[in-house]
Amino acid sequence: MRLLADHCDLYNAALAERREAWRMRNYSVSYGDQSAQLKEIRAADPDGQGRHSFTAQQQTLRRLNTVFVAYFRRVRDAKGKQRRVGYPRFKPYQRFDQVLFVAGDGASWEPADGGRWAHATFQAVGRVKVGQHRPIAGRVRTLQLKREGRRWYVIVVTETGAVPLPSTGRSVGVDVGVARFLTTSDGEVVANPRFLDGAQERIADLQRRKQRARPGSGNRQRLRRALAKEWRKLRNQRRDFHHKTARGLVDTCDTLALEDLRVAAMTASAAGTVEDPGRNVAAKAGLNRSILDAGWTQFTSILVAKAESAGRRVVFVHPASTSVDCNACGTICIRPRQDIVVCPVHGELDADLNGARNIATRAGLGSGQATAA
Ligand SMILES: [Zn+2]
């Protein structure tokens with residue numbers, strides 16, 4: 001596509017300018033310097049660079065600037081150490097895959113509005129049909145046109161002022177797990193979506209076939225593409241599921257308590273699956289992990305964003321031993337299976353529910369058990 005090629009040329013020319021200026025004059029060219037030249041560049045090339053959105057070109061120059069800022073940071077960090085830092089490289093056309101537009105300035109967005117397609121219009125490209133995955137709320141700020149393999153995506157970023165939802169009187173601890181997607185301290189259970197199973201089978205199968213295929217063969221290439229497609233489909237389905245699940249919780253709860261999973265690094269919950277006797281295949285467990293791991297981080301960030309714009313509170317608690325302390329008496333339970341814990345005083349308890357209640361307690365939401373109205 002011409003748009004990407006022209007932006008790629010701009011990016012590479014700007015990179016060359018920075019490089020030359022440093023080599024010849026020890027001058028460090030800034031984003032401001034380059035942005036100031038845009039007008040001239042456009043005037044000199046009306047059928048090429050001049051056709052494109054000015055603000056989108058500024059965004060491309062900003063991207064290069066970000067690359068340089070990171071480069072200078074690495075150089076600073078490497079000072080005194082025996083380490084070489086690679087200078088930012090030119091991008092070949094096939095690696096240059098996105099252009100960012102400022103909405104209302106060279107790009108616009110028309111939501112699906114009941115119909116099947118939404119539309120986006122980009123300067124020098126025209127109006128394109130877009131399959132919209134979710135309703136879009138708020139003022140559209142930027143539109144990112146992105147190529148992934150042979151597909152094109154439009155990523156819409158909006159600005160929403162927080163619209164506080166009415167209070168519900170419900171506050172819960174939320175435990176995310178392996179067997180179920182999540183369990184709340186008042187007993188709501190969200191199962192893992194079915195599509196995970198199917199996708200897992202298909203991905204494992206494709207991976208096996210790809211490994212058997214001869215390197216460099218057309219067959220292997222076809223399998224690699226099919227695999228990328230499965231992952232992409234899975235990512236999209238999972239993201240939709242996360243949005244729906246987060247929406248449900250944010251709509252019905254004033255405060256949500258979660259474990260800080262950056263601390264947990266998931267070792268505790270995941271160990272159970274890997275050790276789960278009976279039906280274990282190491283490769284499958286590994287795949288299962290990677291599918292779920294990616295999921296939790298994404299779900300948490302979606303939940304936090306929705307909570308923020310709805311004026312809800314999210315509390316993070318330290319994850320240590322939330323799953324094995326009995327919520328009623330604090331005694332350390334034994335965990336004979338992934339799904340239950342056994343307290344010497346209170347007997348067998350649902351492991352996830354007990355975990356969710358401990359999270360609620362730790363967040364200061366009372367005992368975490370449902371209170372009588
Ligand atoms: Zn107990």
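One-based numbering, in listed order, for ligands and for the atoms of each.
Under a 4.0 Å N-O distance rule, the pair E20/R23 qualifies as a salt bridge.
Applying the 4.5 Å side-chain rule to ILVMFWY residues, one finds V341 in the same cluster as L349.
For S171, the side chain to side chain contact (heavy atoms under 4.5 Å, CB included) partners two or more places apart in sequence, or in a different chain, are D254, T255, L365.
Protein N, O or S atom count below 2.8 Å of the Zn ion (ligand 1): the structure gives 4.
The ring-ring contact (aromatic ring centres under 6.0 Å, His included) pairs that include a residue from residues 25-63 are H7-H52, where partners are two or more places apart or lie in different chains.
Of the possible polar contacts, one joining the N12 side chain to the K91 backbone as a donor-acceptor pair under 3.5 Å is found.
Under a cutoff of 6.0 Å and an axis angle of 45°, R63 and F96 form a cation-pi pair.
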